[in-house]
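Just so you know, ligand 1 is whichever comes first in the structure, and atom 1 is the first atom listed for that ligand. Bear in mind the structure is a predicted one, so any value in this text is a computation, not a measurement. Because only heavy atoms are used, hydrogens play no part in the values below, and waters and symmetry mates are left out as well, while side chains stay in. Numbers here are sequence positions counted from 1.
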Amino acid sequence: MRITELRLHPIAVADPPLRSSYGRHAPYALRTVVELKSTDGLTGFSETYGGEKPLAALAAARARVEGMDPFQLLSLKLDMTAEADRAATEAAARSQMWLVPGENPLDEATRTYAAIEVACLDLIGKALNKPLCDVVGGRCRDEVAFSAYLFYKHAGGGGLGEDAREDEYGEVLDPEAMVGEARGFIAKYGFREIKLKGGVLEPELEIETIRLLRREFGPTVPLRIDPNCAWSIETSLRVARELKDELSGGGYLEDPCPGLEGMAELRRRMLAEGIETPLASNVVTTCFAHVPLAARMDAVQIVLSDPHYWGGIRSLQYLSHLCEVLGLGVSMHSNNHLGVSLMTMAHAAAAAPRISYACDTHYPWQTERDEIVAGGRIPFVNGCVRIPDRPGLGVELDYDQIARLTERYHKLPYRKRDDEAEMRQHVDPNWKRVLPRW
Ligand code: GKR
Ligand code: MG
């Protein structure tokens with residue numbers, strides 16, 4: 001089998017005005033759908049970051065990909081990422097602190113390779129008539145648990161004008177409203193772990209939010225909070241102290257403060273006070289070179305994997321193994337995405353045994369009107385996605401939807417995610433991302 005054609009579909013997906021330390025989400029999130037056609041008449045898919053740069057990087061890979069045998073992933077990986085991986089030894093430069101995910105030029109090669117790899121594995125699964133996780137060595141679970149990924153948000157459901165989406169949760173800018181959002185998420189999807197995106201309100205209010213969530217759902221629902229580096233070491237320590245009980249029992253503190261050194265110092269000071277809440281990260285550990293370093297410094301105890309920027313599904317398996325050897329835990333990070341990415345994440349987690357936490361997903365923030373998977377939205381049952389008994393990723397594309405979302409992409413004035421610009425336009429004309437803010 002050979003790849004005959006690489007097709008790229010840039011799309012725009014309605015997204016509510018969610019808040020984080022990056023700023024505010026724009027009315028449409030950008031994604032790219034990759035399609036590989038083969039000499040066997042099969043088509044493999046993947047979904048990745050959107051906008052100009054990811055699209056250009058994928059287009060530049062076309063000459064290498066067209067004509068290749070999709071089974072020969074190793075040589076493709078070496079060709080595309082070896083140089084970037086060598087450069088990644090400059091660990092700090094590869095951090096995800098200032099750039100929104102998908103915009104760091106240092107992980108561009110890995111991201112681009114990942115999108116091609118997943119589409120090749122989808123092709124291989126289809127050629128062998130096997131689910132994707134079974135063609136990379138088999139699965140350790142048939143269903144993958146996801147967490148309720150809660151965001152503070154402004155009023156609005158995403159989209160613009162006649163294309164605006166219903167606002168399911170309304171404005172959520174205080175602790176009580178967040179409990180309402182959480183109730184909605186859990187009633188609708190059955191999630192059994194909660195992640196709160198923090199770094200938005202004063203830390204006292206975010207502490208209060210976690211306390212109310214604990215009161216509402218009890219200790220059997222693990223809680224995690226992620227302010228994306230918005231707190232100083234001092235503030236992080238105070239939050240860790242105040243939420244010592246609430247973040248225990250399967251919860252964690254994610255990227256509270258900037259930098260590997262900052263996280264390591266926080267950890268030392270937490271342990272000195274008897275606070276054992278693990279620190280997780282998708283900011284200071286974004287590539288393999290970071291992992292032994294973070295372990296040695298004890299800066300991170302849980303690495304947040306993500307097939308989209310760690311180099312695909314097989315890289316996630318390596319990461320799972322490496323973390324096992326180093327005694328680190330593994331969970332999964334997410335960004336806005338649709339059903340093709342959700343299935344990629346589910347297959348990746350099914351094939352990576354060290355993942356022991358419910359994976360993050362932005363999926364509930366998108367709607368049926370934007371789904372690109374034929375047949376509509378992928379269901380969560382008790383907070384889990386089941387690995388379908390179908391070849392490859394187990395989904396096909398809805399081409400009418402792709403056409404609609406591509407048309408919308410071309411009408412948009414922006415070609416990259418810029419949460420700061422959204423803040424300045426809608427909330428405060430002088431808003432700047434300041435890390436740490438508190
Ligand atoms: O969607 O605003 C967001 C998140 O802040 C996302 O961009 C982060 O990468 O979910 C991510 C995280 O865990 O840091
Ligand atoms: Mg995070």
Side-chain angles (χ1 to χ4, degrees), residues 13-31 48-51 54 94-104 107 111 146-154 158 172 181 193-201 206 223-231 236 247 251-259 262-263 278-286 290 294 299-310 329-338 341-342 345 357-366 416-423 427 431 433 435 437:
V13 182
D15 192 26
L18 307 181
R19 289 284 304 273
S20 74
S21 83
Y22 289 104
R24 166 178 159 138
H25 285 206
Y28 294 96
L30 309 178
R31 301 291 284 166
T48 187
Y49 301 95
R94 187 93 173 237
S95 117
Q96 205 54 71
M97 190 161 125
W98 291 105
L99 294 159
V100 289
E103 289 289 332
N104 190 338
D107 60 29
R111 280 185 268 125
F146 286 86
S147 61
Y149 195 167
L150 309 178
F151 281 81
Y152 296 107
K153 66 181 281 294
H154 296 277
V172 180
E181 184 183 293
E193 294 182 37
I194 291 178
K195 161 157 170 170
L196 174 65
K197 175 57 64 177
V200 175
L201 306 180
E206 298 194 351
L223 301 170
R224 56 186 92 147
I225 181 166
D226 173 16
N228 285 108
C229 316
W231 302 333
S236 305
L247 299 180
Y252 50 79
L253 187 53
E254 179 173 331
D255 288 310
C257 56
M263 295 275 278
L279 300 179
S281 184
N282 61 275
V283 173
V284 293
T285 42
T286 68
H290 290 160
V300 172
Q301 292 75 52
I302 300 169
V303 175
L304 299 177
S305 64
D306 181 333
H308 301 91
Y309 71 83
W310 276 93
V330 186
S331 184
M332 193 185 285
H333 161 266
S334 110
N335 253 301
N336 283 108
H337 64 89
L338 294 171
S341 275
L342 182 66
M345 293 153 79
Y357 299 89
C359 302
D360 290 350
T361 176
H362 284 59
Y363 198 62
W365 292 108
Q366 272 54 69
K416 69 189 247 276
R417 174 177 166 187
D418 189 347
D419 293 18
E420 268 189 276
E422 288 295 313
M423 280 299 282
V427 182
W431 199 85
R433 191 161 189 239
L435 298 177
R437 187 176 296 278

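Under the 3.5 Å distance criterion, the side-chain polar atoms of His308 are left unmatched by any main-chain donor or acceptor of Thr48. Not a single donor-acceptor pair under 3.5 Å links the side chain of Arg111 to the backbone N or O of Pro54. Proximity of a side-chain donor or acceptor of Asp15 to a complementary backbone N or O of Ala29 within less than 3.5 Å is not detected. Using a distance-only test at 3.5 Å, with no hydrogens or angles considered, a donor-acceptor pair links the side chain of Trp365 to the main chain of Tyr149.
The side chain to side chain contact (heavy atoms under 4.5 Å, CB included) test with Met345 singles out one residue from Cys359, Pro307, Ser305, and that residue is Pro307.
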*Taking it one step at a time, do His154 and Arg19 satisfy side-chain hydrogen bond (donor to acceptor under 3.5 Å, both in side chains)?*
CA-CA 8 Å; His154 296 277; Arg19 289 284 304 273; 3.0 Å; yes
*Please report the C-alpha distance between Gln366 and Asn336 in whole Å, then the side-chain angles of each, then the deciding distance to 0.1 Å, and finally whether the side-chain hydrogen bond (donor to acceptor under 3.5 Å, both in side chains) criterion is met.*
CA-CA 8 Å; Gln366 272 54 69; Asn336 283 108; 3.2 Å; yes
Table of N or O contacts for ligand 1, cutoff 3.5 Å:
unit_1, atom_1, unit_2, atom_2, d
ligand 1, 1 (O), His25, NE2, 3.0
ligand 1, 1 (O), His362, NE2, 2.7
ligand 1, 2 (O), His25, NE2, 2.7
ligand 1, 2 (O), Arg417, NH2, 3.0
ligand 1, 5 (O), Lys197, NZ, 3.2
ligand 1, 7 (O), Asn335, OD1, 3.0
ligand 1, 7 (O), Arg417, NH1, 2.9
ligand 1, 7 (O), Arg417, NH2, 3.3
ligand 1, 9 (O), His333, NE2, 2.8
ligand 1, 10 (O), Tyr149, OH, 2.5
ligand 1, 10 (O), Ser334, O, 3.0
ligand 1, 13 (O), Tyr149, OH, 3.4
ligand 1, 13 (O), Lys195, NZ, 2.8
ligand 1, 13 (O), Asp226, OD2, 2.9
ligand 1, 13 (O), Glu254, OE2, 3.1
ligand 1, 13 (O), Asn282, OD1, 3.2
ligand 1, 14 (O), Lys197, NZ, 3.2
ligand 1, 14 (O), Asp226, OD2, 3.1
ligand 1, 14 (O), Asn228, ND2, 2.8
ligand 1, 14 (O), Asn282, OD1, 3.2
ligand 1, 14 (O), Asn282, ND2, 3.1

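Ring geometry for His25 against His362 counts as parallel: the plane angle stays under 30°, on a 0 to 90° scale with 60° as the upper cut.
For the Mg ion (ligand 2), the set of protein N/O/S atoms nearer than 2.8 Å consists of Asp226 OD2, Glu254 OE2, Asn282 OD1, ordered by chain and number.
Checked against the 6.0 Å centroid criterion, the rings of Tyr357 and Tyr252 qualify as a close aromatic pair.
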